[in-house]
Amino acid sequence: MDLHLKNLFDRFQEQFGSGPGLGPGSGTCLMKVEGISSNFIKLLFKASAALYRTEPWRRLRPGHLFGVRVGKDSDWSGKKQPFPCSQFIGGDGGDIGFYMFRSENDAKKMTGSRETIRVPNVELLRVTYELETLMFPSNRKMIKSLSLEASGNDRFPVIDVTRCTSSGELQFRNPTLEELKFVYAFMRAISLVHPLLQADKEGGPNWTKLISFGPFIETVDIQWPPEMARGHELVAVTISHPPGQAYEEKISSTASSTPTKYAEPPDEVTFMDIRVNSNSSSRHCAMCEKEVNGDQSLCCGRCRAVVYCTSLCQKQHWKESHKSMCGLYKAMMEREEELVMKIFMFPCSAAQPCKWLESLGIHQKGMWRRKCSCYSHCPFGLLPVKGGLWDSWGGLDDEEYPGDLPFHNQLQDGISSPILLSGWSEYYNLRSLPLSSPVADILSHPLTVYHILTALSINTKNLLLKGKEVILHYLGPEWEMDWMPAFSEISHLLNGLGNIQIIMVGPEVPTNLSGTTSGISSRVRVNLVRGVYQEEATYLPSPHVIVALNCALDRYSSWGGALDLIKAIGVPAFFTEQSEILCANAKQVLRGAGLHITHPVTPNPLRSPVKNHDSSTNLPSYSNGFVLGVNA
């Protein structure tokens, strides 16, 4: 009897919820929406499934309200945003989904401490993720006939518009096509930006378990479905937390779209001569670029990020440029702790590369020779190769580097499919590598490429899942031309499905290697092409995706022609940068080239764990530290 009652109660909870929310779906069906196409329904379900995979409910609660702005007010009926405020429900029990409100005031009225409050005459749009077995027959029929994508294993979104009457009863209706268009843009945008929320450890009261997040605002460009475009293929979607956040209109404040919560100091600022505690042999003054020993250099007393040779240079730099950037630098420095990968058990700071390599016993050995300047005289791609995989990894013990072997027991329902990686912990566990092994520093390059192909680029992921070939244009290769043994790991992660052709194009490709093909495995081959991308692309097979790692977009004028070509062909392109300030500059360069950033700046889960510093700042820098994308 006890077991029977437990099963009955579990089913009751599944069907009617037990926390914030207004109960199960109402029986509305998207097939009944006037003017809707089957293709748009499929895209709605696809966007909903993508949002579900990001698991916003792990951190977000109904008390976390978001401002939503899609395009211009004039784009919508009534010349205003249909649902400018949203919240996620289900993180602490009850229905799983999100609600969208006509105003922030409506959202606050309906958000109770434990339950969703029924407020008379307040209308909201609901998206609830329901089990297929509990859905109305009309929705089950639609899912089957259109082969709609599931969210998770067996849930599907039910979308309706709800109003509470004065008697407390709920009335339901189907959303309009325009309302669904708004929801589609929101789902696409929020799935990209909610992981960027930074917890504010000092921002919330001690008595609540609700995570407090710092002020946040981010804009991404979302591509409309063809039938929705009306001459405008892209729309800017702005998500803010809390609602009401706005961009500062100061052009010089930051190249990043995310405003800083730190105010500029007053004009009369007190300069502090703070000595830099640095292990590096030399740094460069941010003002005059003079080389100065680490123990003799000074840094800004407020942000502690920028290095100077004298207080005179510090004051001059403040007047010329640093005043407008100091708050941003301070915010970046305070986020340094969040970027540190604490799982590893080897030294993760390489201010002096030779000493760092010596401490690990791999200095001037194998692929590690590219990690210091000792072999800088040798052209990229032409390091002498002594022997097999053991030599390539610098003589590390056999259990400390990945062998040229497949991954075992990696079948899903008896079917082979590419292995999806969430980060280094999962990879090291799959390969049974000790966390004292430093191989992540080199593997960051091939595994970042793999992460882009299988997690960030939906098109290439689908091609690989279908067992087809993906063509990738890899721009500006340097060190990685000597790291081909590490790139062979991609073939094992593919797990017997799909093929990848990597075409590396750049001026650093040696003349005698240009035009050669390296079949580093049965499923991955690398072609090397010497030259500038915009001049060579005509002769190359059309790519499915373009990648440039540690590209420093703002430092090389030659990127201009390549970006013009990327804009012209419209192929998804992803870039990594080593630090947040480089990302801010990269965003400015991309927007200046007329490219729309569709994948906002996010920390790369497969970045190198080894921290470096720019020679003139203390800002943390990690190889492939951050990734952003266009045309995706």
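Below, all heavy atoms of this structure are taken into account, side chains as well, without hydrogens, waters or symmetry copies.
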Run Glu489 and Arg523 through salt bridge (Lys or Arg N to Asp or Glu O under 4.0 Å) and show every step you take.
CA-CA 10 Å; Glu489 187 70 348; Arg523 295 193 174 273; over 6 Å; no
Run the side chain to side chain contact (heavy atoms under 4.5 Å, CB included) check on Leu464 and Leu494 step by step: do they pass?
CA-CA 8 Å; Leu464 292 173; Leu494 288 174; 4.0 Å; yes
Between Asp482 and Met367, does the side chain to side chain contact (heavy atoms under 4.5 Å, CB included) criterion hold? Intermediate values first, please.
CA-CA 6 Å; Asp482 290 300; Met367 293 185 288; 5.9 Å; no
Give the C-alpha distance, both sets of side-chain angles, the deciding distance and a yes or no for side chain to side chain contact (heavy atoms under 4.5 Å, CB included) between Cys354 and His363.
CA-CA 6 Å; Cys354 291; His363 186 223; 3.4 Å; yes
Side chain to side chain contact (heavy atoms under 4.5 Å, CB included) between Tyr401 and Ser437, intermediate numbers included:
CA-CA 7 Å; Tyr401 63 88; Ser437 169; 5.6 Å; no
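Taking the side chain as every heavy atom from C-beta outward, Glu400 and Ser436 approach each other to under 4.5 Å. For the pair Lys461 and Lys466, the minimum side-chain heavy-atom distance is 4.5 Å or more. A heavy-atom distance below 4.5 Å is found between the side chains of Ile442 and Trp368. When side chains are defined from C-beta on, Val470 does not count as touching Gln501, because their heavy atoms never get closer than 4.5 Å. At least one side-chain heavy atom of Val532 sits less than 4.5 Å from a side-chain heavy atom of Glu535. Put simply, the side chain of Tyr308 reaches to within 4.5 Å of the side chain of Val306, judged on heavy atoms. Put simply, the side chain of Leu435 reaches to within 4.5 Å of the side chain of Tyr428, judged on heavy atoms. Trp318 is listed as a side-chain neighbour of Cys326, based on a closest heavy-atom distance under 4.5 Å.
Listed for the Asn624 side chain is no donor-acceptor partner under 3.5 Å among the backbone atoms of Thr576. Within the 3.5 Å criterion, the main-chain N or O of Gln588 finds no donor-acceptor partner in the side chain of Arg591. Although no hydrogens or angles enter the test, the distance criterion places a donor-acceptor pair under 3.5 Å between the side chain of Ser444 and the main chain of Leu606. Judged by distance alone, the side chain of Trp356 and the main-chain N or O of Pro347 form a donor-acceptor pair under 3.5 Å. A donor-acceptor contact shorter than 3.5 Å is absent between the side chain of Ser514 and the backbone of Thr511. When atom types are taken as modelled, the side chain of Trp390 and the backbone of Leu396 share a donor-acceptor pair closer than 3.5 angstrom. Side chain of Lys365 to backbone of Gly361: a donor-acceptor contact under 3.5 angstrom is found. Under the 3.5 Å distance criterion, the side-chain polar atoms of Thr460 are matched with a main-chain donor or acceptor of Leu453. Under the 3.5 Å distance criterion, the side-chain polar atoms of Ser311 are left unmatched by any main-chain donor or acceptor of Gln314. Side-chain atoms of Glu536 never come within 3.5 Å of backbone atoms of Tyr533 as a donor-acceptor pair (strictly under, hydrogens ignored).
Of the inter-residue distances, the one linking His473 atom NE2 with His544 atom NE2 reads 10.0 Å to the nearest 0.5 angstrom. Interatomic distance, Glu320 CD to Gln316 CD, rounded to the nearest 0.5 Å: 4.5 Å. To the nearest 0.5 angstrom, Leu472 atom CG is 8.5 Å from Ile490 atom CD1. Note that CD1 of Ile500 and NZ of Lys468 are 15.5 Å apart. Values are rounded to the nearest 0.5 Å. Taken from CD in Glu469 to CG in Leu463, the straight-line distance is 10.0 Å, to the nearest 0.5 Å. In this structure, the separation between CG on Asn499 and OG on Ser491 is 10.0 Å, given to the nearest 0.5 Å.
In this structure, the ring of His445 has its center less than 6.0 angstrom from the ring center of Trp483.
A donor-acceptor contact under 3.5 angstrom links the side chains of Thr602 and His599, judged on distance only. For the residue pair Gln364/Arg369, the side-chain donor-acceptor check at 3.5 Å is not satisfied. Neither side chain, Ser608 nor Ser623, offers a donor N or O lying under 3.5 Å from an acceptor on the other. Side-chain contact check for His492 and Ser488: no donor-acceptor pair (N or O, by modelled atom type) lies under 3.5 Å.
A salt bridge is absent between Lys371 and Glu358: the closest approach of a Lys/Arg side-chain nitrogen to an acidic carboxylate oxygen does not fall below 4.0 angstrom. The pair Arg607-Glu577 fails the salt-bridge criterion, with no side-chain N (NZ, NE, NH1 or NH2) lying under 4.0 Å from an Asp/Glu carboxylate O.
Of all the heavy atoms in Pro446 and Ala486, the pair that sits closest is CG-O, 3.7 Å. Glu426 and Leu420 make their closest contact through OE2-O, 3.4 Å (heavy atoms, listed as atom of the first residue, atom of the second, distance). Closest approach of Ala586 and Leu553 over heavy atoms only: CB-CD1, 3.8 Å. Residue Thr448 comes nearest to Asn604 through the heavy atom pair OG1-ND2, 2.9 Å, listed as atom of the first residue, atom of the second, then distance. Here the closest non-hydrogen pair linking Gly394 and Ile362 is O-CG2, 3.8 Å. Closest approach of Leu298 to Thr310, counting heavy atoms only: CD1-C, 3.7 Å.
Relative ring orientation between Phe575 and Trp559 is described as perpendicular, the plane-to-plane angle rising above 60° on a 0-90° scale split at 30° and 60°. Ring geometry, Tyr427 versus Trp424: the interplanar angle exceeds 60°, so the pair is classed perpendicular (tilted spans 30 to 60°).
Stacking of Arg431 on the aromatic ring of Phe407 is recorded, both the 6.0 Å distance cut-off and the 45° axial limit being met.
In this structure, the side-chain contact (heavy atoms from CB on, under 4.5 Å) partners of Ser558, at least two apart in sequence or on a different chain, are Tyr556. Applying the side-chain contact (heavy atoms from CB on, under 4.5 Å) rule to Thr516 yields the partners Leu513, Leu528; only residues at least two apart in sequence or on another chain are considered.
Residue Glu289 qualifies as open at atom CD: its count of foreign heavy atoms under 6.0 Å is 12 or below.
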